[in-house]
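I have placed the structure first, in the form of structure tokens, so that the comments after it can refer back to it.
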Protein chains: 2
Amino acid sequence: MTQGSTGNPAPGGLEEAQRPARGQARTRILDAARALIREKGYSAMTVDDLCARAGVTKGAFFHHFRSKEDLGVAAAQDWAQMTGALFEQAPYHAPEDPLERVLAYIRFRRDLVAGPIPEFTCVVGTMAQEIHGSIPAIRDACRDSIFAHAETLEADIRAAIDKYGIRAPFDAKSLALHTQAVIQGGFILAKAGQDPALAVQSVDHLECYFKLLFADSAGVQPAGVPA
Amino acid sequence: MTQGSTGNPAPGGLEEAQRPARGQARTRILDAARALIREKGYSAMTVDDLCARAGVTKGAFFHHFRSKEDLGVAAAQDWAQMTGALFEQAPYHAPEDPLERVLAYIRFRRDLVAGPIPEFTCVVGTMAQEIHGSIPAIRDACRDSIFAHAETLEADIRAAIDKYGIRAPFDAKSLALHTQAVIQGGFILAKAGQDPALAVQSVDHLECYFKLLFADSAGVQPAGVPA
DNA sequence: TTTTGCATACCAACTGGTTGGTATGTTGTC
DNA sequence: GACAACATACCAACCAGTTGGTATGCAAAA
């Protein structure tokens with residue numbers, strides 16, 4: 001028993017002191033899910049894990065979510081909303097030139113990626129990789145999150161192509177999706193090698209790719225260091 | 001009971017007819033592991049799944065592997081050996097020009113990727129993504145597999161840089177790892193969107209990137225369709 | 001203003017089935 | 001007959017999900 005000198009330890013349950021305020025359970029569970037999916041993946045994360053981390057009981061969990069699968073879908077949607085808000089208010093939209101906006105986006109992502117692994121890793125990418133073949137509902141929610149984010153980039157890329165042309169026969173959609181692929185792939189290398197720098201490197205290559213694609217036509221350095 | 005008119009159904013175990021030959025259990029378990037990890041990931045794959053798919057009993061499983069974690073490590077090492085052999089005898093080593101070999105490698109991978117999802121997907125990439133934070137032994141085995149494969153590319157890339165120079169300040173190692181990142185990221189998009197073409201597209205972008213990096217100096221088309 | 005009725009938000013204990021793993025047999029091979 | 005390669009039977013812990021209940025808020029009736 002690691003119980004302290006508290007009066008009534010409520011055997012098996014939560015201590016009064018650490019019990020969160022009413023009305024926060026759903027949010028706390030979703031926060032816990034984000035952390036746990038990044039730490040151990042969807043399948044290895046148990047409902048008990050979730051409840052312990054969130055500081056709620058199983059009753060609360062199944063009050064807010066019909067099943068673990070339902071939580072998975074909600075976590076993906078929650079992630080889509082969170083990242084949607086983050087990128088919407090991010091500073092990379094400022095430049096007037098569309099190509100500059102795209103390059104600013106890539107640099108913004110590189111800065112995000114430079115942090116510790118559990119904090120920059122993509123929740124929906126991790127989940128999709130794991131459950132794509134076994135839980136269609138979660139997979140589709142992850143797909144929506146990834147592809148919706150890619151679409152927010154597409155407009156800027158299209159504008160850049162319209163303005164400057166492009167040195168290869170790719171369209172904006174394909175390039176936007178490739179951007180996401182590179183970032184997701186960087187995560188995998190970073191996780192396997194336990195080094196965020198591996199992800200950063202790939203994002204640097206991505207920036208270089210864009211510069212080369214638009215070189216000569218736009219005013220960007222054709223081959224400089226991605227800085 | 002769905003048992004037919006067989007004489008002795010061997011209650012709880014395997015029927016005589018489908019019992020594989022002695023001495024094949026380990027191989028069959030590793031084959032089953034490859035398939036199951038791709039289908040549902042490492043965590044969701046149970047030892048019973050493994051045994052059922054391999055057509056062996058739990059006794060056989062724990063005779064060959066001390067634990068499920070041990071099997072995970074073995075699966076990663078088995079994957080490294082399988083892919084090692086596959087790429088070693090692949091035709092992309094033929095060209096005399098190192099840059100041509102690199103481009104041939106990329107095209108070879110694109111062709112691999114064009115098949116159905118459960119057949120081209122990377123076992124160690126999937127596993128690493130999932131268990132990187134929870135099972136270090138498996139994560140390290142996955143890392144070894146990925147990085148060893150990247151190293152087989154590195155020599156050709158280095159030779160290409162030495163021969164032609166490169167339009168950006170990247171070294172061979174970084175480029176080789178980026179290659180793996182793009183392919184791994186393509187897998188994630190393909191899984192999320194349920195469309196192998198998504199992975200193919202990213203590999204096409206990768207080929208284009210290499211062509212642009214070496215354009216003007218080597219004899220490759222600077223911006224042509226990756227064909 | 002109080003009370004009644006009802007919905008929401010949550011909790012502790014429990015359940016049936018599953019899980020990784022073990023203990024102990026049996027069979028084929030050198 | 002010794003040893004490897006299996007098979008069978010079993011277990012304790014754990015799993016997602018359920019049950020029956022309590023605390024709280026809110027709106028309408030009294």
Side-chain angles (χ1 to χ4, degrees), chain A residues 3 6 8-30 32-33 36-37 40-75 131 134-135 137-138, chain B residues 3 6 8-30 32-33 36-37 40-75 131 134-135 137-138:
Chain A
Q3 215 71 57
T6 327
N8 190 5
L14 272 18
E15 276 189 56
E16 304 270 324
Q18 69 193 57
R19 183 178 299 171
R22 192 183 168 85
Q24 296 193 338
R26 194 188 144 91
T27 306
R28 290 178 63 95
I29 290 170
L30 285 171
L36 283 168
I37 290 167
K40 34 162 71 181
Y42 171 82
S43 304
M45 165 185 77
T46 71
V47 175
D48 283 330
D49 281 343
L50 245 1
C51 295
R53 173 88 52 129
V56 302
T57 60
K58 270 183 136 162
F61 180 93
F62 283 100
H63 172 74
H64 289 285
F65 307 99
R66 270 178 310 175
S67 62
K68 189 190 168 188
E69 175 176 332
D70 191 41
L71 176 271
V73 173
I131 52 73
S134 45
I135 317 180
I138 298 180
Chain B
Q3 214 72 53
T6 327
N8 190 3
L14 273 17
E15 279 190 52
E16 305 271 324
Q18 67 192 60
R19 184 177 298 170
R22 197 179 167 86
Q24 296 192 339
R26 194 188 144 90
T27 306
R28 292 178 61 95
I29 291 169
L30 285 171
L36 283 167
I37 290 166
K40 34 161 71 179
Y42 170 83
S43 303
M45 165 186 75
T46 71
V47 175
D48 285 331
D49 281 343
L50 245 2
C51 295
R53 173 90 50 130
V56 302
T57 59
K58 269 178 138 170
F61 180 92
F62 284 100
H63 174 72
H64 289 285
F65 306 99
R66 272 177 311 175
S67 62
K68 188 189 168 188
E69 176 176 332
D70 192 40
L71 176 271
V73 173
I131 51 72
S134 45
I135 317 180
I138 298 181

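We name chains A, B, ... by the order of the sequence lines, and we start the count at 1 in each one. Every value quoted in this text rests on a predicted model; they were computed, and no experiment measured them.
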From the list C/dG21, C/dC11, D/dT8, which nucleotide is the closest neighbour of the side chain of B/Thr57? D/dT8

Separation of D/dC14 atom P from B/Asp48 atom CG, nearest Å, is 18 Å

C/dA9 phosphate, OP1 or OP2, under 4.0 Å from A/His64 side-chain N/O: no

Could you tell me the separation between the OH atom of B/Tyr42 and the CG atom of B/Leu71, rounded to the nearest 0.5 Å? 7.0 Å

Applied to residues 50-63 of chain A, the salt bridge (Lys or Arg N to Asp or Glu O under 4.0 Å) test, sequence neighbours excluded, yields A/Glu39-A/Arg53, A/Asp48-A/Lys58

The nucleotide from D/dA7, C/dG20, D/dA16 with an atom nearest the side chain of A/Val47 is D/dA16

Report yes if at least one side-chain N or O of B/His63 is closer than 4.0 Å to OP1 or OP2 of D/dC6; otherwise report no. no

From the list C/dC10, D/dG17, C/dG21, which nucleotide is the closest neighbour of the side chain of A/Ser67? D/dG17

Grab the OH-P distance between B/Tyr42 and C/dG20 for me, whole Å please. 8 Å

When only distance counts, do a donor and an acceptor, one from the side chain of A/Lys58 and one from the base of D/dG17, lie under 3.5 Å apart? yes

Contact check, side chains of B/Phe62 and B/Val47, non-hydrogen atoms, under 4.5 Å: yes

By side-chain hydrogen bond (donor to acceptor under 3.5 Å, both in side chains) - contacts of A/Lys68 (at least two apart): none

If I take atom CD in residue B/Gln24 and atom P in nucleotide D/dA4, what distance separates them, rounded to the nearest angstrom? 20 Å

Checking C/dG20, D/dA7, D/dC6 against the side chain of B/Thr46 (C-beta onward), the nearest is C/dG20

